There are 2 protein chains.
Amino acid sequence: MPISPEPTPVSKRAEQIDTASRILDIAEELVQTRGFGGFSYADIAAQLDVTPASLHYHFGSKGDLGEALVRRYRMRFFAALEEIDRRPRQAPAKLEAYARIYSDALRLGRMCLCGMLAAGYETLPEPMRQEVVRFFDENEAWLVRVLDQGRKEGTLAFTGGTSAVAQSIISGLEGALLIARPYGDVGRFRSAATRLLTSLVRASRTSAGAAGGARTASSRG
Amino acid sequence: MPISPEPTPVSKRAEQIDTASRILDIAEELVQTRGFGGFSYADIAAQLDVTPASLHYHFGSKGDLGEALVRRYRMRFFAALEEIDRRPRQAPAKLEAYARIYSDALRLGRMCLCGMLAAGYETLPEPMRQEVVRFFDENEAWLVRVLDQGRKEGTLAFTGGTSAVAQSIISGLEGALLIARPYGDVGRFRSAATRLLTSLVRASRTSAGAAGGARTASSRG
DNA sequence: TTGCGGACTTACTAAGTAGTTAGTAAGCTA
DNA sequence: TAGCTTACTAACTACTTAGTAAGTCCGCAA
């Protein structure tokens with residue numbers, strides 16, 4: 001639901017949608033709003049109108065569920081990034097699209113799944129930890145490519161290492177999400193995201209499109 | 001422990017330190033590393049070498065404990081900010097000292113208490129929620145004063161509203177803390193914090209002290 | 001010395017936690 | 001139609017959770 005518009009997995013048994021996916025959908029929302037320790041099997045089972053025990057049929061343990069959850073989230077997230085890369089765009093537009101992934105979550109009252117898991121990192125089983133770190137690493141790698149592109153095409157300007165800038169984008173957006181949620185205020189996120197991204201956009205006569213693009217992107221929520 | 005060096009509250013009964021404070025100290029560390037839902041009375045009791053039930057003597061409910069915890073944290077935090085204001089400094093040095101409060105927590109492997117609580121905001125009892133929001137509001141108010149000072153004295157330069165900039169500093173630092181923790185890497189926080197703050201420091205011939213100050217501050221961890 | 005109150009402990013409860021077990025009903029396949 | 005798989009349920013275990021109630025210990029003041 002949050003990242004891509006959900007590919008509506010067609011059931012083999014005609015009437016009902018794959019139960020494992022529905023479990024993950026419900027768990028995803030619960031993790032993004034309450035954290036991994038903030039819900040129980042009973043919460044998922046109640047929404048599915050099923051016994052808690054039956055969840056163990058699909059996912060042996062809560063850790064297994066969590067691992068599957070982060071993996072699916074990570075893969076969907078990068079599918080969305082590939083979608084951004086699909087048609088040729090300038091770097092500022094890509095960053096703007098990147099930020100929109102975050103604000104889309106916030107609009108549903110959700111934190112980024114991996115941002116939420118980062119908060120409770122110490123309480124996570126090892127396999128989940130690895131998935132979370134991998135999520136951030138791959139985000140960084142994608143951003144580094146966009147930043148390099150922007151530098152080459154002259155649309156972005158920044159000092160310091162590309163990795164450091166990529167990291168500051170990730171942490172800036174995650175932090176903006178974290179703080180905006182208690183206020184229930186998407187505008188608060190938008191404002192911080194716009195500041196962050198426009199500080200990278202190269203100021204020039206022709207930059208109205210680029211900087212303006214970032215503003216446009218984040219002001220449509 | 002995290003913010004100010006703890007005023008070692010002298011006991012009335014000579015030998016032992018006030019138990020309520022010790023409970024809060026232990027709870028504070030647990031919340032900052034695991035979240036409010038990530039520990040139980042048993043965890044605190046074990047560290048205090050006391051029965052879980054006896055905690056109820058000092059704090060009627062877990063919510064009461066949490067409320068007292070955030071209130072104490074908030075008050076200590078602002079005592080630290082007043083300490084920064086005490087001797088006259090230029091705005092960049094104040095921002096640098098502000099960032100150091102965050103990195104001090106990270107050095108102990110801790111998240112900002114209110115950042116952690118912001119993640120689990122939906123799971124908090126109402127009185128705790130109010131304390132958390134108040135923490136961020138008062139942070140913003142302090143930062144606004146520093147930003148105004150910097151603008152007047154010519155050490156800071158930024159576009160847009162002062163509140164928006166203050167908010168982006170808070171969320172930038174909270175986010176940097178959030179992401180740095182899974183990596184166990186203070187340098188990662190430092191790098192993001194330095195980028196964030198130096199982007200506000202006015203570039204000039206005499207700015208070596210200011211910008212350099214921010215760099216110095218965050219490179220001593 | 002007696003009594004009082006602060007700071008507990010012992011012993012409990014009710015509810016919730018993940019997870020296990022054996023069994024069932026429906027459908028698919030050979 | 002026999003044997004298998006899928007997707008469960010009912011009933012449990014073992015444990016943890018916050019919270020309660022009643023009683024104990026101990027220093028201190030009258």
Side-chain angles (χ1 to χ4, degrees), chain A residues 9-28 30-31 33-70 117 120 122-129, chain B residues 9-28 30-31 33-70 117 120 122-129:
Chain A
V10 180
S11 162
K12 12 161 197 178
R13 304 275 189 94
E15 352 82 323
Q16 73 171 2
I17 293 173
D18 174 45
T19 307
S21 297
R22 292 173 65 204
I23 292 171
L24 290 177
D25 290 342
I26 295 167
E28 188 167 270
L30 287 166
V31 172
T33 52
R34 311 175 54 90
F36 189 64
F39 71 96
S40 74
Y41 271 38
D43 297 315
I44 300 175
Q47 284 194 52
L48 260 182
D49 199 31
V50 142
T51 308
S54 84
L55 302 183
H56 287 285
Y57 170 78
H58 299 279
F59 302 98
S61 72
K62 202 184 177 187
D64 291 340
L65 195 167
E67 206 185 328
L69 189 57
V70 195
L117 294 176
E122 295 216 347
T123 69
L124 300 181
E126 188 52 37
M128 286 187 72
R129 293 186 178 191
Chain B
V10 181
S11 161
K12 8 156 200 189
R13 303 279 190 90
E15 351 82 324
Q16 73 171 3
I17 293 174
D18 174 45
T19 306
S21 296
R22 293 173 65 205
I23 291 172
L24 290 177
D25 290 342
I26 295 167
E28 188 167 271
L30 287 166
V31 172
T33 52
R34 311 175 55 91
F36 189 65
F39 71 97
S40 73
Y41 272 37
D43 297 316
I44 300 175
Q47 284 193 53
L48 259 182
D49 200 30
V50 143
T51 308
S54 84
L55 302 183
H56 287 285
Y57 171 77
H58 300 279
F59 301 97
S61 72
K62 203 186 177 186
D64 292 340
L65 196 168
E67 205 184 328
L69 189 58
V70 195
L117 294 176
E122 296 217 347
T123 69
L124 300 180
E126 187 53 37
M128 287 187 71
R129 292 186 180 192

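As a basis for the values below, the full set of heavy atoms in this structure was taken, side chains included, without hydrogen atoms, waters or symmetry mates. Below, chain A is the first sequence line, B the second, and so on; all start at residue 1. These numbers were taken from a predicted model, which means no experiment stands behind them.
Separating the CG atom of A:Leu48 from the P atom of D:dA7 is a distance of 13 Å, rounded to the nearest angstrom. Between A:Arg22 atom CZ and D:dA7 atom C1' the separation is 13 Å, expressed in whole Å. Taking atom NE2 on A:His58 and atom P on C:dG19, their separation rounds to 15 Å, with Å as the unit. In this entry the distance linking CG of A:Asp49 with P of D:dA7 reads 17 Å, nearest Å.
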Protein-proximity profile, nucleotides 10-25 of chain D, B/S/- by nucleotide at the 4.0 Å heavy-atom cutoff, equals BB-----SSBB-----
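At C:dA7, none of the side-chain N or O atoms of B:Thr19 fall inside 4.0 Å of OP1 or OP2 (strictly under the cut-off). When the side-chain nitrogen and oxygen atoms of B:Tyr57 are compared with OP1 and OP2 of C:dC8, none of them lie within a distance under 4.0 Å.
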Please step through side-chain contact (heavy atoms from CB on, under 4.5 Å) for the pair B:Phe59 and B:Glu67, ending with a clear verdict.
CA-CA 10 Å; B:Phe59 301 97; B:Glu67 205 184 328; over 6 Å; no
After noting the C-alpha distance and the side-chain angles of A:Ile44 and A:Phe39, does the key distance pass the side-chain contact (heavy atoms from CB on, under 4.5 Å) rule?
CA-CA 8 Å; A:Ile44 300 175; A:Phe39 71 96; 3.6 Å; yes
Please report the C-alpha distance between B:Leu24 and B:Ser21 in whole Å, then the side-chain angles of each, then the deciding distance to 0.1 Å, and finally whether the side-chain contact (heavy atoms from CB on, under 4.5 Å) criterion is met.
CA-CA 5 Å; B:Leu24 290 177; B:Ser21 296; 5.6 Å; no
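Expressed to the nearest 0.5 Å, how far CG of A:Leu48 lies from CG of A:Asp43 amounts to 11.5 Å. Here NE2 of B:His56 is found 9.5 Å from CG of B:Leu65. Values are rounded to the nearest 0.5 Å. Atom-to-atom distance recorded for B:Ile26:CD1 and B:Leu69:CG is 11.5 Å, nearest 0.5 angstrom.
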